[in-house]
There are 2 protein chains.
Amino acid sequence: MAGKTGVPGTGVTGRVFAVLGAFDAGHRMLTLSEIATRAGLPVSTTHRFTTELVSLGALHRDSEGRFAIGRRLWDLGLLSPVQTGLRETASPYLHDVYGATLATVHIAVRDHENVLYIDAVRGNMSVLIASTIGSRLPLHCTGVGKVLLAHAPGRVVQQVLAGPLERVTPYTITQPARLQRELARVRRDGYATTDQEMTLGACSAAVPIAADGRVIAAIGVVVPSLRRTRARMVASLEVAARGISRSLERR
Amino acid sequence: MAGKTGVPGTGVTGRVFAVLGAFDAGHRMLTLSEIATRAGLPVSTTHRFTTELVSLGALHRDSEGRFAIGRRLWDLGLLSPVQTGLRETASPYLHDVYGATLATVHIAVRDHENVLYIDAVRGNMSVLIASTIGSRLPLHCTGVGKVLLAHAPGRVVQQVLAGPLERVTPYTITQPARLQRELARVRRDGYATTDQEMTLGACSAAVPIAADGRVIAAIGVVVPSLRRTRARMVASLEVAARGISRSLERR
DNA sequence: GTTCGCCTTTCCACTGAGTGGAAACATTGT
DNA sequence: ACAATGTTTCCACTCAGTGGAAAGGCGAAC
């Protein structure tokens, strides 16, 4: 969450990225000295960098002198390959699921020991929700996270089971053994669910997306309750997941 | 289109961005020497930069040694503020329009003398289409472009009318006077249309999105023909545009 | 198998680009 | 008017960045 304060990184490049790294989801607009503090750099150095970055379009400076990430970086980010193909392919299918369920729909990939949301469709009046596109959440307490973890290499599973399982809500699974059983269930049944394990009042269901026989992503829905709708949700998701897999393979 | 070859930029920062700038929509994966050439830098220098950028997560290197934009930049790009708020707010409304029309739906802002697509919803079996998220197209031959141009500062309009109006298809408007009349019509009627001016076989309709009394974006649809559907398309778009404006204002 | 050509990686002596403390400047609040 | 805080400019020092060259790899051609 917090933006890696300190650690100036070895070269100039590292320091430039320390400046850029001062920005995060909770800090989208920063003043010069805030950047300096958060990046762990002297003000004058920071000033020089920001000035140059602004002239390069990597940063934007508003009329009040505050900085924000610029369009140039937005452009560059969109060229990141892994996501691009997947997102564009999956997007229509996410809408299909949304249309069928009116639930918030997500697609996510695993990024080390986190789930990284790469796209989302949410209605006008959907539930709350912690996840936005680009956000990272723990694997063990989200629907898509459980799916991704269940199909991750053993090494990763070990690491997650070993590292403390953060208790996000009273319902979060924090016992390694229980999580392990849950993961086995996910592999057996082909889908994962959560019940208020990440956000109170929110349940989720998720299924894997395969390509070349490997699970590369997961799609899921978030709803207030799964009581009466679990079967329908899972069915919708499975249809979409198959469609996405098929689209990915013919190219 | 092509990725700014040469121009090493003054400082180290400039050179780093020359490296990153070697990537564009047509060149998402590059080898070391390709980057060096496109960035106008010596190979050894490029090598040093790329190595450092990879370790920072700004670049990704695949198993065959080719480079691509990394996740770190994807993350950063998503923090770019202008788009973020607008995109998230508009997204559900775009789906509404898609649901009502089954046409490809776009939202775009003006970026200098281009239209910059910031989000899109397209169906499984939609028309072709040149625009992807993040792509820039001329203002004078797209629906959203005309809307944005019609409400742009006089200075911008002058510049576009003066600069040669690129003929993209045989139907593209290339006479300044005719474009000017068209813009007046757009302001009067509150919507713009195109008929195969950007892509053969594709027509579009678009309306402005206002915030604080200024036009800040435009949404539009792309369809094979507007003959029988123009009124419905415009109506759907107007409802969505009003909704987006309202959502933007209460915050 | 050998050779050629291209791409990548490592090395290192040189030097100018980057550094950051300090002081001047601007802005805001009391 | 004064203090406090944030921003910008300046400049002497030096260390980080530079890039030519050579070595190492890889694959295609012969």
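Below, chain A is the first sequence line, B the second, and so on; all start at residue 1.
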Notebook entry, point to check: A/Phe49 CZ to C/dG18 C1': how many Å, rounded?
Noted result: 8 Å
Notebook entry, point to check: Taking for each residue the nucleotide of DNA chain D bearing the nearest heavy atom, is the 5' side occupied by A/Gly65 or by B/Pro42?
Noted result: A/Gly65
Check: Considering only heavy atoms from C-beta outward, does the side chain of B/Asn114 approach that of B/Leu139 to under 4.5 Å?
Finding: no
Check: In whole angstroms, how far is the P atom of D/dT8 from the CZ atom of A/Phe67?
Finding: 6 Å
Next item on the list: Give the minimum heavy-atom separation between A/Ala150 and A/Val186, together with the two atoms involved.
Entry: CB-CG1, 3.8 Å
Check: A/Glu52 has an atom CD; how far is it from atom P of C/dA17, in whole Å?
Finding: 12 Å
Checklist line | For atom CG of B/Leu41 and atom C1' of C/dT8, their distance in whole Å | finding: 16 Å
Next item on the list: For B/Arg48 and D/dG19, give me the distance from atom CZ to atom C1', rounded to whole Å.
Entry: 8 Å
Check: In whole angstrom, what separates B/Leu32's CG from C/dT10's P?
Finding: 11 Å
Check: Which nucleotide in the set C/dA17, C/dT9, D/dG19 lies at the smallest distance from any side-chain heavy atom of B/Val12?
Finding: C/dA17
Next item on the list: Take atom NE2 of A/His47 and atom C1' of C/dA22, then tell me their distance rounded to the nearest Å.
Entry: 15 Å
Check: Do A/Arg110 and A/Val156 have side-chain heavy atoms sitting under 4.5 Å apart?
Finding: yes
Check: Between B/Leu116 and B/Leu137, is any pair of side-chain heavy atoms under 4.5 Å apart?
Finding: no
Margin query: Any N or O donor-acceptor pair under 3.5 Å from the base of D/dG6 to the side chain of A/Ser33?
Written below: no
Notebook entry, point to check: Does A/Thr45 get its side chain close enough to the base of C/dG18, under 3.5 Å, for a donor-acceptor pair?
Noted result: no
Check: Just checking A/Arg66: base, sugar-phosphate only, or nothing, at a heavy-atom cut-off of under 4.0 Å?
Finding: nothing
Note to self: Regarding D/dG6, can its base be found pairing with the side chain of A/Thr31 as donor and acceptor, where the two atoms are less than 3.5 Å apart?
What the structure shows: no
Notebook entry, point to check: Taking C-beta and beyond as the side chain, do A/His60 and A/Arg71 meet within less than 4.5 Å on heavy atoms?
Noted result: no
Notebook entry, point to check: Nearest-Å distance, CD (A/Glu34) to C1' (D/dT7)?
Noted result: 13 Å
Next item on the list: Looking only at side-chain atoms of A/Val43, point me to the closest of D/dG17, D/dT8, C/dG21.
Entry: D/dT8
